[in-house]
Amino acid sequence: MPTIYIDDNPYEVKEGKNLLDAVLSLGEDLPYFCWHPDLGSVGACRQCAVIQFQDEEDEQGRLVMACMTPASEGTRISIQHPDASQFRENVIEWLMVNHPHDCPVCDEGGECHLQDMTVMSGHNYRDFRFKKRTHRNQDLGPFINHEMNRCIACYRCVRYYRDYAGGGDLQAFAAHDHVYFGRHEDGVLESEFSGNLVEVCPTGVFTDKTLKRHYTRKWDLQSAPSICNHCGLGCNTIAGERYGTLRRILNRYNSSVNGSFLCDRGRFGYEFVNDDARILTPVMKNVETRQFEEVSEDDAVAKIAELTRDKNSVIGIGSPRASLESNFALRTLVGSNRYSSGMSNAETELVNLSRQILNDGPAHSASLKDVEKSDAVLVLGEDLTNTAPMMALAVRQAVRNQPVEKAKQAGIPEWNDNAVRELIQDEKGPLYLATPTNTKLDDVATKTYNAAPQDLARFGFAVAQFLAEESPKVIGLDEDVKSMAKSAADALKNAKRPLVISGTSLLNKSLIQSAANVAWSLCANGKKAEIALTVPEANSMGMSFLEGQGIESAFERAASDDIKTAIILENDLTRRVDSKAWNQFLKNVENIVVIDHLENETTAAADILLPAGTFADSDGTLINNEGRAQRFFQAFEDDSAVQESWRWLQGVLDLGKDTDVSDWYSLDNVFSAMTKSVDTFKGDIVVAPDAKFRINDQKIPRSPYRYSGRTAMKANVDIHVHKPPQDPDSPLSFSMEGYSGKQPSGLTSFFWSPGWNSVQSTNKYKNEVGGELRGGDPGIRLIEPKRNASPKYFTEVPEPFSPREGEWLSIPLHHIFGSEELSAKSFGLSKRAPEPYVALNPSSAEKLGLQMESRVSVKLDGTEHTLPITLHENLPDGVIGLPVGLPDFNGIPLPNWSKISGATE
Amino acid sequence: MLSPEEKHEIDEELKHLPYKESAAIDALKIVQNHRGWVTDEALDDVGEYLDMSPDALDSIATFYNLIFRKPVGEHVIRICDSVSCYLTGYENLRDAITKKLGIKLGGTTEDNKFTFLPIQCLGTCDHAPAMMIDDELYRDLTPEKLDEIFAQYK
Amino acid sequence: MDRPLTHHIQPDKQPLSLKKYEKQGGYQAVQKALRDFDPVDLQNHVKEAGLKGRGGAGFNTGLKWSFVPMGDDAPRPKYLVANADEMEPGTFKDRLLMESNPHLFLEGIILSAYAIGAEKSYIFLRWAYHLSKKNLEKAIAGAYENNYLGENIQGSGFNLDLHIHISAGRYICGEETALLNALEGKRANPRAKPPFPQTSGLWGKPTIVQNVETLANVPGIVNNGINWYKDISNSEEDGGTKLYGVSGKVKNPGLWELPMGTTSREIIEEHAGGMQDGLKLNGWLPGGASTDFMVEEHLDVPMDYGSVMEIGSRLGTGTMIVLDDQTCPVGMIENLEHFFAQESCGWCTPCRDGLPWTEKILHAIEHGEGKMEDLDQLARHSKWLGPGKTYCALAPGAVEPLQSGLKYFREDFERHINEQRCPWS
Ligand SMILES: Cc1cc2nc3c(=O)[nH]c(=O)nc-3n(C[C@H](O)[C@H](O)[C@H](O)COP(=O)(O)O)c2cc1C
Ligand code: SF4
Ligand code: FES
């Protein structure tokens, strides 16, 4: 550990850092702009200037940029030196030359890095007395607002968007003081990760357009630590509310999961929470009119208690988008053998298989951080950008690891970003992609293989076979596929941290099994192999812990005479089963009880309907694909009857008296009841500090202490101070009152530190720049590998895919915008979702006599859809792709065989 | 679509460059030579050929002084406005041209014959003031000499 | 007097054909070096001769070469890049060499490439230099035909390819690392050093960037040796001859090859013929727009790197820009700062936003809208835009004429402000 001297005081710092990183990691302040913890240094803004002395004798020193200077043994610098501080003040003044004085109307105001640095640098009066230059702004689509005049040309946006996220359509234009950051013409930013610009930009150039529609200052938001519920990765977020509506989602740093970033689905998919279709009161269907009528909460609960008195007549269908606690409450109510996971049978099988692989095998279940750190990657089946977006971003970083290692050996530190990029040019570490069609990661792939799902699995098995003799042989593989498998195997074997990725999105068991074989065979070769298996929804993995059966099985059960009542928890079953099965199910059960937050086809079929909280107005625990249990906390509570689903069920259980649920008044107690009674959860599991947690006897406030209304949180209603809602479920308070120091990891409602109002304050919460949050990253892994287990290879290699005459294998194609139920209902995202289509390859289209604009009719499972076609160059022969999750395709089980023909219009 | 000539010329550049994107500036100059200026369509064409986004190309195009992203006249007059020409009377020359053609710096004549632009030092300071019309260099200029020069562009 | 850079140049300035050039001793240096010198020896030879970069910075050329990784495991290919951008206002020396003595320049390239083991070479040429391009292309074709370029040059086993890249125009392209980005087809923002181009340059490979005039010095050193090179100079420290130029209102503006260390007096009064009738010398920039003013008291300072540095300026490119007493110094400086502000690449804050500010202040003063505080502002900007503060040397260069102008022409500035007009207009 080198010792450096800052203003004559010695400090120990970690090897290999630059001075800015070192200074910030020590918790000291030094202003900066162009540097970013995830983007490294480029030395452009000149804001981080310090004086460096050659040795103890040197009194003169020279001005250097801290971000570009290694913190090596004996480095002596002064931050306080008048030359350094005056220079830094000057830099701000230059930046302010063209910066408008529009803070009062700027969305960034109050959480602006430029404001913070201006104050920190001491600049307060501007001598510039001439005209400012002005720019024209662009329309960048539904997510991002553009206000170029505020730009201070730190180049962070393009470095993030282009270099980090691989986007091509945001660039720097022109030169000198006319540099302009945007697109070459107005238009939607193409990257699926564009929203991070909002946090990357140190000022108000790129701001959240969805927030703009219901703008609130950071200091007037009541926020809570949350977990994204739009895919299975469980990215950590902050949900911010004001006056009963959710205003925005921000990233919440967690070095093991999403680090500093989010995908656009996660960031902009929140607005369903404010939708007009929210269910706010309990209703019951009038037996005669078949119309919903409001009922009191007590009556509703009593009615359900009555229906569930005979447990044997009830089934419960849970949901992978509901919390563990709510699912557990349902399971408790109906009994584990009448409880369903709310996933299809196929999905249930795959998720269970995934957990079994991660749990019983020797390969380590990879966190997103592990993905990012891996140095050779094999992807089997997943179009990550669309099924697990942040994992795609992590893979994009992973391919840099091997070349960066070379740069390091050439003496260029990793943080010297431009120099590293210059040295490695377009060199990429190994990434082998086996997917049905093109993906957005193809541009960084070493090799891609596009084939039908079972052929992809065969490829996976072949890779494993090259690594371990005992892994089953694949017979009849094409030579080129074989040689690609060989080179993938070699690349993985030669890597330090090889990683295999697969998942459930193609609903193909063999694929996941082949991935396990690859990972395990690497382990057998003495490698510490990682495996990442994606799952569809925020709590899919949690469902596997609760061991419910699939929906089809539940429906079969419902077909038997004794079942009279079904309780459906936060689940629109019509998205998951075909209409025939659904209608039959409705005929089979007399009473349908639904608890959910948004109206949908399932809630429409309810006899009793109860309002559930969303992620933003309820608390709960989710388990992500990695096996990490994480807690989300409610950002707000309104006066409606909305509450956690488990609370409704607790009411029912309490009346039923079968089970003692008298202590289920808080989330912690439900959670611990679950871990005690469900075998898959072993031992004492602490996901987050419990509701009794206090610092200095104080709760942790949800709003910062600059809150304008002070304690009048409901100034929209009246100016009186209402008693803040009590929160038995968490140690957070619904007010600005409480412990005002740094919130502990996992309870961070907002990142703030004296002098640091912007998201850059996260640095103050970390052990070191880029490191874990102080006190450890939140969440707890419930799945660990059995490192010494000898692999029990899966042996069933599927037959090669053979196209059928007159029939097409339709496979699911996923869309980051549109495929996921809740986010698709959000304002911005709905604008980005594709129209339904059918994808096929050009030669198939030609064979069918179809043109680009053709519409075809697709016959699937007795339903018929007329759709426009989309050509996918690389989709295999005999295979068509259908977008999942879009309204037209609800309830169609894929993959499936279908017939297509040119539509007659 | 790039014309066969444009393609051929870009290919010639690519021969001695290790990466496709390295030909970006050359390619922009090539299409400008053929088309007079770099149109939006040209960005798409070159982008497709070099596997680059039009935005990335425009980023480069707008950086450099000699790549036009707007149409220019048949002939481009570039008058040196740097220090040696300043000392030797570039301003008079500029005003004389403005008077003669009726356009200020940055302008294009109505008949689309001339575009009038400033340029940095032409490296002929011992013969200042100087200007270029297209590829032709004119030096030791005085306002009186302009008539004769412009007569050649009738 | 030895004129190794220009003695091949004929009165009509037409370049010699390759054959004629050979007849006059051309390409002997290549033959000799390939035969007698190991690359590292050649590096040392040039280092000892004391050749300093003629592009402006004056760094010892051989020393720079010695930082290039040599040997079998050095990264490949290595590159030699000739910096023929010559966009520094007031500078017109490389043009002469390329138009009228292209083979000497090529010979310098071949020798330098050999010294560092480069197998690829680029000439980064200004667009405006059409004649240079034409003459160079012809010379290069000849050199390939006669196996001074290409494979296995003169049977030595040394290979060298050479291409001309025509710049798309920006002053910053002349800065060596920005130049590399421009060669790579990118925006010409400079790069941070370290890593230096010598180890990670063009496309991340070891690269040497050298000015045209610098390269043209190498054949003479190889042919005639270290002592000769030191002897032909008038300077204590710096060897060789220098292309000195004068522009502005002198009787006979032009360019001359003279011993290094010739005084300004000799150059301005003798070679340039003194000021035009009726004008007096008010000051001059010694080596292009980015150097500090010199004034009458400096007329006898030898124009070599050390001596000019001592009086607070830089030799720069050695092409002087002369200010006469009938031209407004404030106007001249405004013109200069306008240039630099326009040519800032826009990468680092001080230069991008500071220079336009100085231009605006100068414009205000020149147009009768100046305030006394403006002079403090200009001084403040000069201070904080100086060496080491900005990302590259453009901005420090830009403030050289400004800070020295404030020093030598302070009264003129004050008169502008007091009279609220330009006294010269
Ligand atoms: C803004 C700027 C412009 C420059 N322009 C040129 C130029 O046009 N020609 C040149 O030879 N050097 C130029 N230089 C100097 C180069 O960066 C570099 O020092 C030089 O090419 C090295 O060659 P030398 O050692 O042979 O002088 C410039 C430097 C700066 C900072
Ligand atoms: S000083 Fe800075 S902005 Fe100016 S040219 Fe150099 S890098 Fe670009
Ligand atoms: S943060 Fe160091 S120069 Fe920008």
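Scope of the values below: all heavy atoms of this structure, side chains included, with no hydrogens, waters or symmetry mates. Order of the sequence lines sets the chain letters (A, B, ...), proteins ahead of strands, with each chain counted from 1.
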Does the side chain of [Y] come within less than 4.5 Å of [X]'s, by heavy atoms?
| X | Y | value |
| --- | --- | --- |
| C/Y171 | B/C121 | no |
| B/Y86 | C/T327 | yes |
| C/F339 | B/V83 | no |
| C/H130 | B/L137 | no |
| C/M332 | B/L87 | yes |
| C/W127 | B/M132 | yes |

For [X], is it the side chain, the backbone, both, or neither that has a heavy atom closer than 4.5 Å to a heavy atom of chain C?
| X | result |
| --- | --- |
| B/D134 | backbone |
| B/D81 | both |
| B/Q120 | both |
| B/I119 | side chain |

Out of [options], return the one with the most heavy atom pairs under 4.5 angstrom to chain B.
| options | answer |
| --- | --- |
| C/H163, C/K120, C/Q326, C/H165 | C/H163 |
| C/A289, C/A128, C/C328, C/G245 | C/A128 |
| C/E184, C/K249, C/M87 | C/E184 |
| C/A168, C/P77, C/C173, C/G254 | C/A168 |
| C/G248, C/G331, C/S167 | C/G331 |

What's the shortest heavy-atom distance between [X] and [Y], and which atoms?
| X | Y | value |
| --- | --- | --- |
| B/P18 | C/Y79 | CG-OH, 4.4 Å |
| C/G90 | B/S84 | CA-OG, 3.6 Å |
| B/Y64 | C/R187 | OH-C, 3.9 Å |
| B/A24 | C/G185 | CB-O, 3.6 Å |

*asked:* Taking the ring centre of each residue, are C/F92 and B/H127 less than 6.0 Å apart?
replied: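 No, ring centres 6.0 Å or more apart.
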Does [atom1] in [X] sit with more than 12 non-hydrogen atoms of other residues, nucleotides or ligands closer than 6.0 Å?
| X | atom1 | result |
| --- | --- | --- |
| B/H34 | NE2 | yes |
| B/E48 | CD | no |
| C/K134 | NZ | no |
| B/Q152 | CD | yes |
| B/K104 | NZ | no |
| C/K251 | NZ | yes |
| B/E12 | CD | yes |

*Tell me, side chain or backbone of C/V250 under 4.5 Å from chain B's heavy atoms, or both, or neither?*
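The answer is neither part of C/V250.
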*Side chain, backbone, both or neither: which part of C/A182 has an atom under 4.5 Å from a heavy atom of chain B?*
both
Between [atom1] on residue [X] and [atom2] on residue [Y], distance to nearest 0.5 Å:
| X | Y | atom1 | atom2 | answer |
| --- | --- | --- | --- | --- |
| C/I166 | B/L66 | CD1 | CG | 11.0 Å |
| B/H16 | C/I164 | NE2 | CD1 | 10.0 Å |
| C/E88 | B/C125 | CD | SG | 10.0 Å |

*In sequence, state the C-alpha distance, the side-chain angles, and the governing distance for B/I25 and C/K186, and then conclude on side-chain contact (heavy atoms from CB on, under 4.5 Å).*
CA-CA 7 Å; B/I25 297 173; C/K186 301 173 181 159; over 6 Å; no
_chain C contacts, top residue of B/A27, B/C85, B/S59 (heavy-atom pairs, under 4.5 Å)_ =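 The option with the most such pairs is B/S59.
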*In terms of heavy-atom pairs under 4.5 Å, which option from B/T124, B/I67, B/L50 contacts chain C the most?*
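Counting heavy-atom pairs under 4.5 Å, the top option is B/T124.
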*Could you walk me through whether C/Y129 and B/L122 pass the side-chain contact (heavy atoms from CB on, under 4.5 Å) test, one step at a time?*
CA-CA 8 Å; C/Y129 284 11; B/L122 286 168; over 6 Å; no
*Sidechain-backbone polar pair: C/R170 side chain, B/F63 backbone, donor-acceptor under 3.5 Å*: yes
